[in-house]
Amino acid sequence: MSALDHPYALPVSTDHGLFVAQYSDAGLAGLNFPFEKLESVSSAVPKTVAAWHKHTGAAVKAMLAGKEPKELPPLVPAGTDFQQGVWRELRRIPLGQTRSYGEIAAAVNRPRGAQAVGQACGANPIPLLIPCHRVLAGGGKLGGFSGGLDWKRRLLTIEGVTLC
DNA sequence: CATCAAAAACTCC
DNA sequence: GGAGTTTTTGATG
(Lines give C-alpha, C1' and ligand atoms only; values in the text may rest on other atoms or scores of the structure.)
Protein backbone atom coordinates (compact mmCIF):
# COMPACT_ATOMS: atom_id res chain seq x y z
CA MET A 1 0.00 0.00 0.00
CA SER A 2 1.37 3.29 -0.95
CA ALA A 3 1.02 6.11 1.47
CA LEU A 4 -1.33 8.48 -0.22
CA ASP A 5 -0.81 11.87 1.23
CA HIS A 6 -4.01 13.75 1.08
CA PRO A 7 -4.13 17.24 2.53
CA TYR A 8 -6.82 16.55 5.10
CA ALA A 9 -7.88 13.58 7.19
CA LEU A 10 -10.92 13.62 9.43
CA PRO A 11 -12.42 10.91 11.63
CA VAL A 12 -15.93 9.53 11.26
CA SER A 13 -17.30 7.88 14.37
CA THR A 14 -19.76 5.08 13.76
CA ASP A 15 -21.18 2.18 15.69
CA HIS A 16 -18.88 -0.02 13.67
CA GLY A 17 -15.71 1.84 14.47
CA LEU A 18 -13.84 4.97 13.61
CA PHE A 19 -13.43 5.59 9.92
CA VAL A 20 -11.02 8.12 8.52
CA ALA A 21 -12.01 10.25 5.58
CA GLN A 22 -9.34 11.86 3.47
CA TYR A 23 -9.90 14.92 1.35
CA SER A 24 -8.03 16.57 -1.43
CA ASP A 25 -8.86 20.11 -2.46
CA ALA A 26 -11.42 18.72 -4.90
CA GLY A 27 -13.48 16.55 -2.58
CA LEU A 28 -13.46 13.18 -0.90
CA ALA A 29 -10.42 11.24 -2.05
CA GLY A 30 -10.26 8.32 0.36
CA LEU A 31 -12.07 6.51 3.11
CA ASN A 32 -10.26 4.19 5.46
CA PHE A 33 -11.81 1.37 7.41
CA PRO A 34 -11.28 1.38 11.14
CA PHE A 35 -7.83 0.04 11.83
CA GLU A 36 -5.89 -0.52 14.95
CA LYS A 37 -4.27 2.83 15.22
CA LEU A 38 -4.98 6.09 13.55
CA GLU A 39 -2.60 8.35 11.78
CA SER A 40 -2.63 12.01 12.55
CA VAL A 41 -5.84 13.75 11.64
CA SER A 42 -6.19 17.35 10.66
CA SER A 43 -7.36 19.57 13.46
CA ALA A 44 -8.38 22.56 11.39
CA VAL A 45 -9.70 22.37 7.84
CA PRO A 46 -11.18 24.81 5.33
CA LYS A 47 -14.92 25.27 5.54
CA THR A 48 -15.39 23.54 2.21
CA VAL A 49 -13.76 20.40 3.60
CA ALA A 50 -15.82 20.69 6.75
CA ALA A 51 -18.98 20.78 4.67
CA TRP A 52 -17.89 17.73 2.68
CA HIS A 53 -17.07 15.93 5.87
CA LYS A 54 -20.50 16.59 7.24
CA HIS A 55 -22.01 14.90 4.22
CA THR A 56 -19.48 12.09 4.39
CA GLY A 57 -20.27 11.37 8.01
CA ALA A 58 -24.00 11.31 7.33
CA ALA A 59 -23.52 9.15 4.26
CA VAL A 60 -21.31 6.63 6.02
CA LYS A 61 -23.71 6.35 8.94
CA ALA A 62 -26.62 5.97 6.54
CA MET A 63 -24.84 3.16 4.73
CA LEU A 64 -24.08 1.39 7.98
CA ALA A 65 -27.75 1.68 8.88
CA GLY A 66 -28.82 0.09 5.61
CA LYS A 67 -30.11 3.28 4.07
CA GLU A 68 -29.16 5.14 0.96
CA PRO A 69 -27.17 8.30 1.67
CA LYS A 70 -29.14 11.43 0.96
CA GLU A 71 -26.23 13.57 -0.05
CA LEU A 72 -22.66 12.83 -0.97
CA PRO A 73 -19.56 14.99 -1.11
CA PRO A 74 -17.71 15.18 -4.42
CA LEU A 75 -15.94 11.87 -4.91
CA VAL A 76 -12.49 12.33 -6.41
CA PRO A 77 -10.71 9.00 -6.20
CA ALA A 78 -7.30 8.93 -7.83
CA GLY A 79 -6.92 6.18 -10.39
CA THR A 80 -6.50 5.21 -13.98
CA ASP A 81 -9.13 5.69 -16.62
CA PHE A 82 -10.14 2.06 -16.41
CA GLN A 83 -10.51 2.23 -12.65
CA GLN A 84 -12.59 5.37 -12.84
CA GLY A 85 -14.88 3.64 -15.29
CA VAL A 86 -15.27 0.66 -13.01
CA TRP A 87 -15.90 2.82 -9.97
CA ARG A 88 -18.51 4.79 -11.89
CA GLU A 89 -20.26 1.54 -12.67
CA LEU A 90 -20.08 0.43 -9.07
CA ARG A 91 -21.90 3.56 -7.96
CA ARG A 92 -24.78 2.61 -10.25
CA ILE A 93 -25.49 -0.54 -8.25
CA PRO A 94 -28.64 0.03 -6.20
CA LEU A 95 -28.46 -0.52 -2.46
CA GLY A 96 -29.11 -4.08 -1.48
CA GLN A 97 -28.25 -5.50 -4.88
CA THR A 98 -25.14 -7.24 -6.09
CA ARG A 99 -23.35 -7.66 -9.37
CA SER A 100 -20.65 -10.05 -10.47
CA TYR A 101 -17.19 -9.00 -11.56
CA GLY A 102 -18.06 -10.24 -15.02
CA GLU A 103 -21.13 -8.00 -15.16
CA ILE A 104 -19.09 -4.95 -14.28
CA ALA A 105 -16.48 -5.96 -16.83
CA ALA A 106 -19.12 -6.13 -19.54
CA ALA A 107 -20.48 -2.77 -18.47
CA VAL A 108 -17.14 -1.10 -19.07
CA ASN A 109 -16.64 -2.86 -22.41
CA ARG A 110 -14.05 -5.34 -21.22
CA PRO A 111 -16.03 -8.55 -21.79
CA ARG A 112 -13.24 -10.79 -20.51
CA GLY A 113 -11.73 -8.39 -18.05
CA ALA A 114 -13.38 -9.66 -14.92
CA GLN A 115 -10.16 -10.04 -13.03
CA ALA A 116 -9.09 -6.57 -14.03
CA VAL A 117 -12.34 -5.34 -12.54
CA GLY A 118 -11.46 -7.15 -9.36
CA GLN A 119 -8.19 -5.30 -9.25
CA ALA A 120 -9.93 -2.00 -9.80
CA CYS A 121 -12.25 -2.81 -6.91
CA GLY A 122 -9.29 -3.55 -4.73
CA ALA A 123 -7.78 -0.24 -5.69
CA ASN A 124 -10.96 1.57 -4.72
CA PRO A 125 -9.93 4.25 -2.24
CA ILE A 126 -13.48 4.94 -1.08
CA PRO A 127 -15.23 1.81 0.16
CA LEU A 128 -18.88 2.06 1.21
CA LEU A 129 -19.62 5.16 -0.84
CA ILE A 130 -18.23 3.40 -3.88
CA PRO A 131 -19.96 0.10 -3.12
CA CYS A 132 -17.23 -2.36 -3.96
CA HIS A 133 -18.71 -4.68 -1.34
CA ARG A 134 -21.71 -5.24 -3.60
CA VAL A 135 -19.55 -6.97 -6.17
CA LEU A 136 -19.44 -10.73 -5.79
CA ALA A 137 -17.71 -13.36 -7.85
CA GLY A 138 -19.70 -15.58 -10.15
CA GLY A 139 -22.16 -18.01 -8.63
CA GLY A 140 -22.64 -15.83 -5.57
CA LYS A 141 -19.20 -16.46 -4.18
CA LEU A 142 -17.77 -13.74 -2.01
CA GLY A 143 -14.44 -13.04 -3.66
CA GLY A 144 -12.36 -10.81 -1.49
CA PHE A 145 -12.28 -7.45 0.18
CA SER A 146 -9.63 -4.88 1.07
CA GLY A 147 -10.77 -4.35 4.62
CA GLY A 148 -11.28 -8.07 5.25
CA LEU A 149 -14.02 -10.41 4.17
CA ASP A 150 -15.65 -9.96 7.55
CA TRP A 151 -16.50 -6.42 6.58
CA LYS A 152 -17.89 -7.46 3.23
CA ARG A 153 -20.25 -9.99 4.76
CA ARG A 154 -21.31 -7.54 7.46
CA LEU A 155 -22.02 -4.79 4.98
CA LEU A 156 -24.03 -7.07 2.72
CA THR A 157 -26.01 -8.33 5.68
CA ILE A 158 -26.77 -4.76 6.69
CA GLU A 159 -28.11 -4.11 3.21
CA GLY A 160 -30.33 -7.16 3.41
CA VAL A 161 -28.40 -9.36 1.02
CA THR A 162 -28.75 -13.00 1.95
CA LEU A 163 -25.69 -15.09 1.32
CA CYS A 164 -25.98 -18.66 0.19
C1' DC B 1 7.83 -9.87 -15.87
C1' DA B 2 4.87 -11.13 -11.72
C1' DT B 3 0.69 -10.31 -9.40
C1' DC B 4 -4.46 -10.07 -8.59
C1' DA B 5 -11.03 -9.56 -4.85
C1' DA B 6 -12.23 -13.70 -11.86
C1' DA B 7 -14.25 -16.81 -15.13
C1' DA B 8 -14.61 -20.32 -18.33
C1' DA B 9 -12.83 -24.76 -19.80
C1' DC B 10 -11.33 -29.03 -18.75
C1' DT B 11 -10.45 -33.12 -15.99
C1' DC B 12 -11.84 -36.97 -13.25
C1' DC B 13 -14.89 -39.41 -10.44
C1' DG C 1 -23.81 -34.22 -13.01
C1' DG C 2 -20.53 -32.25 -9.46
C1' DA C 3 -16.04 -31.07 -7.31
C1' DG C 4 -11.37 -29.98 -8.14
C1' DT C 5 -7.70 -28.31 -11.26
C1' DT C 6 -5.79 -25.86 -15.37
C1' DT C 7 -6.03 -22.37 -18.83
C1' DT C 8 -7.38 -17.83 -20.45
C1' DT C 9 -7.76 -12.99 -19.77
C1' DG C 10 -6.88 -7.83 -18.57
C1' DA C 11 -4.85 -4.04 -15.82
C1' DT C 12 -1.19 -2.77 -12.72
C1' DG C 13 3.62 -1.72 -10.64
Side-chain angles (χ1 to χ4, degrees), chain A residues 1-7 9 12 14-39 56 59-69 72-164:
Chain A
M1 279 182 270
S2 55
L4 301 174
D5 52 330
H6 294 298
V12 179
T14 73
D15 292 338
H16 293 257
L18 191 66
F19 289 74
V20 177
Q22 298 188 40
Y23 299 87
S24 70
D25 56 357
L28 181 63
L31 183 63
N32 296 348
F33 278 98
F35 210 62
E36 295 188 5
K37 48 185 176 182
L38 301 174
E39 296 300 324
T56 300
V60 169
K61 288 170 186 172
M63 294 291 302
L64 292 177
K67 302 172 190 171
E68 197 164 0
L72 290 175
L75 302 181
V76 287
T80 67
D81 195 39
F82 174 76
Q83 290 170 337
Q84 305 261 357
V86 171
W87 297 334
R88 187 186 172 100
E89 279 301 319
L90 294 185
R91 286 173 52 193
R92 292 182 47 197
I93 305 177
L95 185 145
Q97 297 191 18
T98 63
R99 303 282 289 277
S100 73
Y101 292 93
E103 290 286 324
I104 300 297
V108 294
N109 255 341
R110 262 68 177 181
R112 303 289 182 266
Q115 189 162 17
V117 171
Q119 283 212 156
C121 292
N124 172 19
I126 314 180
L128 278 181
L129 303 188
I130 296 179
C132 48
H133 58 275
R134 292 180 192 148
V135 184
L136 305 182
K141 286 180 283 288
L142 270 179
F145 197 62
S146 327
L149 278 177
D150 182 44
W151 267 107
K152 189 169 185 174
R153 290 182 69 181
R154 194 184 313 182
L155 291 170
L156 289 172
T157 302
I158 289 174
E159 297 191 359
V161 176
T162 51
L163 312 161
C164 297

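The model shown is predicted, which means the values in this text are computed figures rather than measured ones. When reading the values below, keep in mind they use all heavy atoms of this one structure, side chains included, and skip hydrogens, waters and symmetry mates. Throughout, protein chains are lettered first and strands after them, A, B, ... in sequence-line order, and every chain is numbered starting at 1.
In this structure A/L142 satisfies the side-chain contact (heavy atoms from CB on, under 4.5 Å) test together with A/L136, A/L149, A/K152, A/R153, A/L156, A/L163, sequence neighbours excluded. Applying the salt bridge (charged side-chain N to carboxylate O under 4.0 Å, His left out) rule to A/R88 yields no partners; only residues at least two apart in sequence or on another chain are considered. For the side-chain contact (heavy atoms from CB on, under 4.5 Å) test, residues two or more places apart in sequence or in another chain that qualify with A/A59 are A/P69, A/L72, A/L129.
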If a pair means Watson-Crick or G-U wobble with both distances below 3.5 Å, what does DNA chain C look like in dot-bracket form, with | marking bases paired to a different strand? ||||||||.||||
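The two residues A/G66 and A/L95 come nearest to each other via the heavy atoms O-CD2, 3.8 Å.
Sorted by first and then second residue, the side chain to side chain donor-acceptor pair (under 3.5 Å) pairs with a member in residues 111-129 of chain A form an empty list; sequence neighbours excluded.
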In B/S/- notation, 5' to 3', how is nucleotides 4-13 of chain B contacted by protein heavy atoms closer than 4.0 Å? BBBS------
Kindly determine whether A/V117 and A/R110 satisfy side-chain contact (heavy atoms from CB on, under 4.5 Å), including the steps that lead there. CA-CA 9 Å; A/V117 171; A/R110 262 68 177 181; 5.9 Å; no
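For the atom pair A/I130 CD1 and A/E89 CD, the distance stands at 12.5 Å (nearest 0.5 Å).
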